[in-house]
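Here the structure is laid out as C-alpha cells; the discussion comes afterwards.
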Amino acid sequence: MTAIKPLVLVDGSSYLYRAFHALPPLNTSKGQPTGAIKGVINMLRRLQKDYPDSPIAVVFDAKGKTFRDDMYPQYKAQRPPMPDDLRSQIEPINAIVDAMGLPRLVIEGVEADDVIGTLAAQASGERPVLVSTGDKDMAQLVNEHVTLVNTMTDTVMDVAGVNTKFGIPPELIIDFLALMGDKVDNIPGVAGVGEKTALALLQALGGLEDIYQNLDKVPDLAMRGAKGVAKKLTDQREQAFLSYTLATIKCDVPLDVSVPELLPNSPDKTRLLSLFTEFEFKTWVQELSRDERTELINESKASDVPSDDALDAVPAFTGTPDYQLILTQSQFTHWLDKLNNAPLFAFDTETTSLNYMQARVVGVSFAVNMGEAAYLPFGHDYLDAPDQLAENDVLAALKPILEDHNKLKLGQNLKYDANVLANHGITLRGIAEDTMLESYVLDSVGSRHDMDTLALKYLDRSTIHFEDIAGKGAKQLTFNQIALEEAAPYAAEDADVTLCLHHVMAAKLKASPSLMSVYRDIELPLVSVLSRIERNGALVSRELLGSQSHELGLKMQALEKEAYDLAGGEFNLASPKQLGEILFERLNIPVIKKTPKGAPSTAEEVLVELAHDYPLPKVILEHRGMAKLKSTYTDKLPLLIDPKTGRIHTSYHQAVAATGRLSSSDPNLQNIPIRSAEGRRIRQAFIAPSGYVILAADYSQIELRIMAHLSEDQGLIDAFARGEDIHRATAAEVFGVAVDEVSDEQRRNAKAINFGLIYGMSAFGLARQLHIGRKEAQEYIDLYFERYPGVLRYMDETRVLAAEKGFVETLFGRRLYLPEINASNGMRRQAAERTAINAPMQGTAADIIKRAMISVDQYLSDSGIDAKLIMQVHDELVLEVAPAALDEVKAELSKLMMAAAKLAVPLEVGMGTGANWDEAH
DNA sequence: TCGGTACCGTAC
DNA sequence: GACGTACGGTACCGAG
C-alpha cells in the first residue's frame, strides 16, 4: 500500500525573510552572515525528512518588477531595499538547495506565490498538495486537495483550519485581504475597514461582489461604526476591487516545468560538505559524515530486525476481543506454539507485590494478534480457586522462550517483568519494544506513561483499572487473591492493549528517525542495564545508620529544649505554620519573604538571614538540618534493606523526568547528602562488601561542556580544551584578570553565573544567589555575554526556535515539548523559556550517561571481570570492584564514559575509590 | 484512615 | 515573581 506522495511546494522567499528577521544574527568566523541560510536550509531539511521522495519545488521571488507593479505602482513600494546582510545570503542558499538536489524555481515577472498557486492548480485532483509557507495570504489556495504547512512552527492548515483561524472559508480570503488591505505589501484595501469589520461583512453578506450588491444592508449590521462603513465602501469601490486583484494569487502562470519533473535528485554530498564547511554549519557537517557511516551499518544489519512495515500492514482491531483463560495443558501447548511462531509477542506478568525484589509471579498473559489474548494463571490461591497448571511446569516451558534473544518481546515497562522473572531464575532477553518508553520518547511531558493513560490517549479505549478488581486502601487484594473471572479479562487486556498501543506508537516513532534512534539505541538497551543495577543493589551499614539516628535524636532533643526556652513555650518545630506564628507574631521578627500562598516563609535562606539578629532561627536551622537527615535518611534507609540480599534496591524510573534523566525512588539514591560534613556521614554508610571497593566515576562539568558544544562558543571551547578550571577561567574573562590572579570571591561569582546560565537564570536570580544588587548582577551577566557571545546567541536562538517549533531537542534528538512557550501568561511563558534553555543541556547529559551505562554494562558482562554497577546519580556511576580488577576497570570505565559522545570539547571523567561512597569522592 | 496540598530540603 | 530536573518528609485539612 503506497499512498500517493504529495507535491510539496516551498515558499522560499517567505522563509528567507522570516529566518532573517526572526532568528538572531549569525556570522561565520570570516564575517559572512549565515542566519538566514541556516534557517531556510534547516526548514528544507525538515521537509525532506518528513516527505522523502515527494515531488518538491523550492520557489523564490525573482528580482525586478512584476505584473502587480504595472497594475499598481505603489505595490510593495514602501518596502525598504533588501538589507545587504540578507542579500549576501541568497547565492549561498541557491547553491545549497541545488546541492541538496531540490528543484529550485525563480520565474521573472511574477511572485513566488503565483508560481506556487499555478503548480498547486496543476496538481490539484491528481495528488495532495502541501504548500510550505509562513505567509497567511496563501490561505486562499487551501481546498480539499491543498493544505498549508508552516514548517517553522510545525502547524498545518486545511479547510477546517482556515475556518477556525480566520472565521471564514478559504474562498473568502482574497475578499478579506481586499477589504482590510495589507500593510506589508502595501495593498490599500478600504480605509477604515480593519480585520474585525472585514470579517463581520464577509460573514454577514458573503464575498466582495455580494457586499457591494447589498450595501443597503450594511448600516444594520451588528458591528462597530456600521453606519459609516457603507459610505467608506461606496467611496472606495475602485480601490477595493483593485486590492482584490492585487491580493489574488495567479494560478495560470505559463511555466515550462510540470509536476512530474519536480522529483528531487540525489544530493551532491561532496558539494554539500564543502558548502556546510564554508558556512561553518558544524553539526550538519558531522551529520553528513555520520550518515555515511550509518548507511553502511544499516545495510549490514537490515535483515535480522523485523520490519515495522509488517505491523503497519495489520489493520487496527475494532471487533470484540477474544480473551482466553489457560487452565489446561492442551490450551497451554496451543499458546506455546503461537508464541514460538510469532515474530513479536506482547506479554505481561501478574505478581503479588509492586516491590520487584519481593514479588512472586502468579500468572502471565500473552497477545500475538490484536484482539486476541490469554491469561495463564498458576498462583491464584483464594478459597475455591479452580485448579491451575503448576508453576514449575509453566515456567520451565516458558523459560527457553523468555530467555531467547531472538524471540522478540513487547511489553509495558518490561524492566519490572524482567526483575520479577529474575526472582524465578529466568533472565528475560529479547526485549524488543516497550510501550512505556515509546510514549516517553514521543512526548515525555504530554501525559503520564502508564497503560491506562496510554490506552485512553492513543486508542480512545478505557481499560479495566487495577483498583477495579483489587480494591484499594488497606483491604486491597494481591493479585493471587483475585478471582480468575476478574483477573483473566484484566490480565489478557493488558497484553492486548500493549500490542495495540505498540501498533499506534511505533508508526509515530517511525516518522521521526531521531526519536526512533533515542528509543531504540538508548532507552530500549537501557532496560536490561537498569534491571541489573537495581537487582545488584547497594550495601549499607545498618549499624552505622542506627548510631547516626541515635546521635541525631539526642542532639535534636537538646535543640528542642533550647527552642522552647527562646520561644517561651512548646511548639512543633517541624510545622512551618506554628513556627511562623512564633517568629512573626509572638516574637515580632520582621517578615523577609512570603511563600507563594502569601504566608510568611520560614525557608532556610530566610532563617539564615534572621539568625544574624535573633537566636531562635539559628536553633531552628540546626534542628531542621538534623531532622531532615534523620527522617529522610538514617531512619528510612534501614527499613528498605531487603531481607534476602541485605542490600538496598532502588527503583530507577525511565519515563518520569521530562528532560530524559532517570529518577530514583524507594529510596531515592540520587539525593543522598554530600554538601555538608554531617550529610556526608550518610554516604559513609554506603559500603563495599568485604573483598571489594567502591569506585565512583563522574563526568566533570558535563552540562557546561555541553553548553560549549551546543553554543559553539570559541572562547568557552578553548577554555575547556586548555583543561582549565572552568569557573576560574570564566572569572578571569569576566573580571578581566589573569587566571592565576582570580580571587576566591571572583571564582565563586563566576561559578554562580555558570550554573545560572544552565538554568536560564535572570539578573534577579543571580543577585539573590550572590547577595548583590540586581544592577551589579546584570553587569556580571552582560560582561559574561560580551566575553562569550556564542553563548548569548545560542540562548536567543534556543528561545526563538522553541517558540516556533514548540519543542527543544538534545544533541541526540530527544525532544521536549513546551506547550506553554507561547503562553499569554508571562510567568508561565518565562518558566517555559527557562526550561527551553535548560532541557537541551540537562537532556544531552542524560543521553550521554545512558549511552555510557549501556557500553559499560556490555563491557562488564563481556569481560566477566569482577565488578558491577550499583548506582547512577545523573553524572556519576558507582561500581563495586574487586581490588585485583580495579586498574583495568578504571581504565576501561574512563575510556567508555569519555567515548559516549563526541563533542567539540573533551569529556573528562573523575574517579575515586574507597571503602565507602564518601571515601570514593 | 485516606488522599491531596503546602512547604521545605536533599541531590545533580 | 524572579534558577532547571527530580523525590520525599512533615504538617494540615477535608472527605469517608
Side-chain angles (χ1 to χ4, degrees), chain A residues 444-445 472-476 571-580 593-607 620-621 624-637 640 650-653 656-676 678-680 682-683 698-704 707 752-770 774 777-778 808 816 818 825-843 845-846 849 871-876:
Chain A
S444 63
V445 274
K472 57 176 183 166
K475 45 189 192 295
Q476 186 171 62
F571 68 102
N572 185 345
L573 274 71
S575 164
K577 198 177 152 198
Q578 292 183 34
L579 177 60
K593 192 184 124 183
K594 295 199 169 183
T595 67
K597 278 279 178 187
S601 169
T602 64
E604 187 197 37
E605 55 167 318
V606 174
L607 298 186
I620 301 288
L621 278 172
R624 263 203 198 155
M626 293 182 186
K628 173 77 176 177
L629 293 177
K630 184 167 186 290
S631 64
T632 309
Y633 303 109
T634 60
D635 284 353
K636 198 49 59 75
L637 290 173
L640 289 160
T650 186
S651 288
Y652 288 106
H653 306 290
V656 170
T659 54
R661 271 192 183 179
L662 297 176
S663 75
S664 151
S665 71
D666 310 295
N668 180 357
L669 290 185
Q670 296 179 319
N671 69 350
I672 305 295
I674 190 169
R675 290 170 193 175
S676 70
E678 315 86 74
R680 266 202 300 280
I682 293 168
R683 291 198 173 215
D698 70 320
Y699 284 112
S700 147
Q701 306 296 354
I702 188 166
E703 291 188 7
L704 278 176
M707 185 168 86
I753 297 175
N754 278 334
F755 276 104
L757 286 166
I758 295 173
Y759 298 148
M761 182 182 60
S762 64
F764 182 95
L766 183 63
R768 204 182 47 162
Q769 176 79 25
L770 292 177
R774 187 174 158 165
Q778 188 60 54
V808 289
L816 176 66
L818 299 158
N825 180 328
M827 227 164 59
R828 285 165 174 253
R829 189 178 58 248
Q830 282 167 18
E833 284 177 358
R834 290 192 294 272
T835 306
I837 298 292
N838 174 257
M841 295 183 264
Q842 190 181 116
I849 197 164
M871 286 189 271
Q872 188 256 39
V873 191
H874 306 311
D875 65 355
E876 172 183 8

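Chain identifiers are assigned alphabetically (A, B, ...) following the order of the sequence lines, protein sequences preceding nucleic acid strands; residue numbering begins at 1 within each chain. If you're wondering where the values come from, they're calculated on a predicted model, not measured in any experiment.
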Determine the contact category for [X]: base if any of its heavy atoms lies under 4.0 Å from a base atom, sugar-phosphate if only primed atoms, P, OP1 or OP2 are that close, otherwise nothing.
X	result
A/Arg624	sugar-phosphate
A/Arg828	nothing
A/Glu703	nothing
A/Ala658	sugar-phosphate
A/Ile672	sugar-phosphate
A/Glu876	nothing
A/Leu629	nothing

Any salt bridge linking A/Lys593 with A/Glu605? Criterion: basic side-chain nitrogen under 4.0 Å from a carboxylate oxygen.
yes
In terms of side-chain geometry, is the basic nitrogen of A/Glu703 or A/Arg661 positioned less than 4.0 Å from the acidic oxygen of its partner?
yes
Does [X] make a side-chain N or O approach to OP1 or OP2 of [N] shorter than 4.0 Å?
X	N	answer
A/Asn671	B/dC12	no
A/Arg834	C/dC3	no
A/Gln578	C/dC12	yes
A/Arg768	C/dA2	no
A/Lys577	B/dA6	no
A/Thr659	C/dA6	no
A/Ser762	C/dC3	yes

Whole angstrom value for the distance that separates [atom2] of [N] from [atom1] of [X]:
X	N	atom1	atom2	value
A/Tyr652	B/dC12	OH	C1'	13 Å
A/Glu833	C/dG4	CD	C1'	14 Å
A/Leu766	C/dG4	CG	C1'	15 Å
A/Glu678	B/dG9	CD	C1'	14 Å
A/Lys636	B/dG9	NZ	P	18 Å
A/Leu770	C/dA2	CG	P	17 Å
A/Asn825	C/dA2	CG	P	12 Å
A/Tyr633	B/dT10	OH	P	8 Å

Heavy atoms from C-beta onward define the side chain here; which of [options] lies closest to that of [X]?
X	options	value
A/Asp666	B/dC12, C/dC7, C/dG8	C/dG8
A/Asn668	C/dG8, C/dG1, C/dA11	C/dG8
A/Ser601	C/dG9, B/dA11, B/dC8	B/dC8
A/Ala599	B/dC7, B/dG9, B/dA11	B/dC7
A/Met761	C/dC3, C/dT5, B/dT10	C/dC3
A/Thr835	C/dG9, C/dG4, C/dC3	C/dG4
A/Thr632	B/dG9, C/dG9, B/dC7	C/dG9
A/Ser663	B/dA11, C/dG4, C/dA6	C/dA6
A/Ser575	C/dG8, C/dG4, C/dA11	C/dA11
A/Gln842	C/dG4, C/dC13, C/dG1	C/dG4

Check for a donor-acceptor pair, side chain of A/Thr650 on one end and backbone N or O of A/Pro667 on the other, with a separation under 3.5 Å.
yes
Under 3.5 Å donor-acceptor, A/Gln670 side chain and A/Gln872 backbone:
yes
Determine whether the side chains of A/Ser762 and A/Arg774 contain a donor N or O and an acceptor N or O closer than 3.5 Å.
no
Could you tell me if A/His653 and A/Ser664 have a donor-acceptor pair between their side chains, going purely by distance under 3.5 Å?
no
Kindly compute the distance separating CZ (A/Arg624) from CG (A/Leu573), expressed to the nearest 0.5 Å.
9.0 Å
I need the A/Met841 CE to A/Tyr759 OH distance, nearest 0.5 Å.
10.0 Å
Taking only the C1' atom of each, what is the distance from B/dT5 to C/dA2 in whole angstrom?
23 Å
Can you tell me, in whole Å, how much space there is between the C1' of B/dG9 and that of C/dC3?
16 Å
So for A/Arg661 and B/dC12, does any side-chain atom that can act as donor or acceptor lie under 3.5 Å from a complementary atom in the base?
yes
Establish whether the base of B/dG9 is bridged to the side chain of A/Lys628 by a donor-acceptor pair shorter than 3.5 Å.
yes
